[in-house]
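One structure below.
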Amino acid sequence: MGMRYTILLLGLFLAEALASGQAPLEGKVSYLTSQHVYVRFSSTDGLHDGDTLFMKDSRGEIPVLVILSHSSTSCVCDALREREFRISDPVFGRPVELKSIESAKPSEPAKPAEAGETVEEAVDEAALAAAGKKQEIDGRFSVSSYTYLKNQQTDGRQRLRYAFSLAARNIGGSGLTVETYSIFSHTLGQWDEIRENVFNGMKIYKLSATYAFRNSVWLTAGRRINPKLSSVGAIDGLQFEKGFGALSAGMIAGFRPDYQDYSINTGLFQYGAYLAHNFKGGAGSMQNTLAFIEQMNQGATDRRFIYIQHSNTLVRDLWFFGSVETDLYQKVGETKETVFHLYNTYLMLRYRIVSPLSLSLSYSARNNLIYYESYRDFLDRLLDEKILQGWRFRVNYRPVPSLYLGAHAAYRYRKDDPVATKNAHGYATYSGIPGIGARVTATFTWMQSAYLDGMIYGLGINREFLKGKLQAELKYHYVDHHYRSAEMAIAQHVGEAGLSWSVCRKLFLSVHYEGTFEKSLGYNRIFASLSQRF
């Protein structure tokens, strides 16, 4: 477990892409669901479905999102790698990715979107375009290969992943929008699990048709996540919403995807209603959502809860987001009762002191979500587990245009944990090194938990060639981990090399190698991806 944890942790920290000399289009993460990340821009002029969005962190500028669909100010995105996103995280699209090199023209950076603009605005524009607009069709198909080799052996594992997305908006100039996003993945030599159940490899995250009427009414049929009900996840069925000026009211009726393989499961019926309010003032905006949801399993109540969400930017340079889930139903043995249990709380405050300096603080308190029918075989254990609480602090500072500094720290604990989980991370990135025009990033990470003490030190360099069409990177990390339970230490040397090639305006190829070496073991991972937009 320790070795797997080490490899997973490195995967989170050792991904990086290359900087562009063109002025970026800047935006902010406006909402999160279990499958998608929503980003708000002041304008998406130059962005296309299938384009890559980037973030600045301890490793410099890294590719983190791919655009599935977009409108004039909003993007619905899929994460490229395992990463923890937060509301109001800054992201940007690089012009060299958005246009062909021959036609790209220098432009001024777009004004960053307000952090408080919510996903409802983004999705209502991107997925629920009003009737009578111009038809738009965007799609993307990609093939990826992940190969894992141990000790230079050739009998390792290779996993293939195919992804397809399509958004046909305003079909024939009407208010009809059809969207789909799905992936299929499998490991070579393990086809039996696919033959046994195709949904072991096939995951359909979105497959829906939405009609937007002219009088602020829309109706959706199929599988889709409602942005006003993010905690519910994908809904297989019907969704309806009607707007009344600043207020909007909606209803849902359908099924939850199967909790084992994400297929359609008609035994998991759910229904609910919600009320949302949007307010815009001179300095910012505020949004509130209140929802009631009943989820069932084979006709019996599985979960009944209230969901409340609030976002606020009414104070200049200050942004607040909070969400609360409160369960209303409990069944222990044969005893059913109405309760009022606070299950999940998330609060986040972000303040921009001056333009190059920002601070953020977040708090989360999470219990295991309990579905009384689905989880009844191990309900006692779930009820006994303590609430998980955590704090996170982040600071970012850019003293000069070419230097980025940042640090964040996190603290998580349960009352019965022997040791709280703590970590700290810092980075310094300098771009435009004289003579070579490269970007250099230095990092450090410290972590401590009930079973691990560790440090990771890193140094990376990346550079563009051929006017940005070809990008190369080299990185090195030293990992020093001490496992408490086994009383052993592991030192690892990790090297990475990557090439990314913009073959043409809509075709992108990347190859990435990562080698992890210990005293007696070696691990090699090769990731290759080919992506085509249309």
Side-chain angles (χ1 to χ4, degrees), residues 30-38 76 87 116-124 126-128 206 208 210 212 216-257 259 268-279 285-297 301-312 320-330 338-348 364-374:
S30 58
Y31 203 77
L32 301 169
T33 70
S34 58
Q35 284 84 32
H36 298 124
V37 179
Y38 299 88
V76 183
I87 301 296
E117 292 178 325
T118 61
V119 71
E120 283 75 9
E121 299 170 71
V123 176
D124 288 349
L128 310 173
K206 181 193 296 184
S208 66
T210 299
S216 301
V217 175
W218 60 260
L219 176 67
T220 293
R223 173 171 291 184
R224 178 177 175 266
I225 295 176
N226 189 315
K228 293 185 175 72
L229 302 174
S230 61
S231 64
V232 178
I235 300 167
D236 293 337
L238 297 175
Q239 303 179 51
F240 174 82
E241 181 175 300
K242 166 65 176 174
F244 306 92
L247 292 174
S248 59
M251 296 181 293
I252 68 165
F255 311 98
R256 286 179 286 152
Y259 46 83
L268 301 179
F269 182 69
Q270 62 179 345
Y271 64 91
Y274 61 89
L275 183 66
H277 175 259
N278 292 283
F279 171 78
S285 62
M286 177 179 67
Q287 186 209 61
N288 299 282
T289 301
L290 173 65
F292 169 84
I293 304 295
E294 174 97 5
Q295 297 177 326
M296 310 182 79
N297 189 330
T301 299
D302 215 4
R303 189 183 181 213
R304 181 184 300 147
F305 66 101
I306 292 174
Y307 177 72
I308 301 173
Q309 178 179 294
H310 173 80
S311 62
N312 194 319
F320 174 77
F321 176 87
S323 65
V324 175
E325 292 180 43
T326 301
D327 273 21
L328 305 177
Y329 173 81
Q330 179 174 283
T338 299
V339 297
F340 196 80
H341 286 166
L342 189 65
Y343 257 83
N344 285 328
T345 301
Y346 177 74
L347 306 173
M348 195 260 193
S364 64
R366 302 179 183 276
N367 274 313
N368 289 309
L369 293 181
I370 297 178
Y371 296 93
Y372 287 93
E373 297 298 322
S374 302

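Computed from heavy atoms alone, side chains included, the values below leave out hydrogens, waters and symmetry copies. The model shown is predicted, which means the values in this text are computed figures rather than measured ones.
Annotation: the span from Asn344 atom CG to Phe305 atom CZ amounts to 10.0 Å, rounded to 0.5 Å. Interatomic distance, CD of Glu325 versus CD1 of Ile293, reported as 10.0 Å (0.5 Å rounding). The CD1 atom of Ile252 sits 10.5 Å away from atom OH of Tyr271, with the distance rounded to the nearest 0.5 Å. Of the inter-residue distances, the one linking Thr326 atom OG1 with Leu342 atom CG reads 5.0 Å to the nearest 0.5 angstrom. For the atom pair CD (Gln270) and CG (Asp236), the distance works out to 8.5 Å, reported to the nearest 0.5 Å. The CD1 atom of Ile306 lies 4.5 Å from the CG atom of Leu328; values are rounded to the nearest 0.5 Å.
Classification of the Tyr346-Phe321 ring pair by plane angle, with boundaries at 30° and 60°, yields tilted.
A pairwise comparison of heavy atoms in Val339 and Tyr329 identifies CG2-N, 3.7 Å as the closest pair. The two residues Ala291 and Leu229 come nearest to each other via the heavy atoms CB-CD2, 3.2 Å. Residues Gly254 and Phe269 share a closest heavy-atom pair of O-CD1, 3.1 Å. Nearest heavy atom pair, residue Ala249 against residue Leu275, reads CB-CD1, 4.1 Å. Nearest heavy-atom pair, Ala234 versus Pro257, reported as atom, atom and distance to 0.1 Å: O-CD, 3.3 Å. Closest approach of Arg256 to Met296, counting heavy atoms only: NH2-O, 3.0 Å.
Side-chain atoms of Glu294 and Thr301, non-hydrogen and from C-beta on, do get closer than 4.5 Å to each other.
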Apply side chain to side chain contact (heavy atoms under 4.5 Å, CB included) to the pair Val232 and Gln295, showing each step before the final yes or no. CA-CA 9 Å; Val232 178; Gln295 297 177 326; 4.0 Å; yes
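Every residue two or more places apart in sequence or in another chain was checked for a ring pair (Phe, Tyr, Trp, His ring centres under 6.0 Å) with Tyr274, and none qualifies.
Under the salt bridge (Lys or Arg N to Asp or Glu O under 4.0 Å) criterion, no residue pair touches residues 269-279, with sequence neighbours excluded.
A cation-pi arrangement, defined by a distance under 6.0 Å to the six-membered ring centre and an angle within 45 degrees of its axis, is present between Lys242 and Phe244.
With hydrogens and angles ignored, the 3.5 Å screen pairs a side-chain donor or acceptor of Gln239 with a backbone N or O of Arg224.
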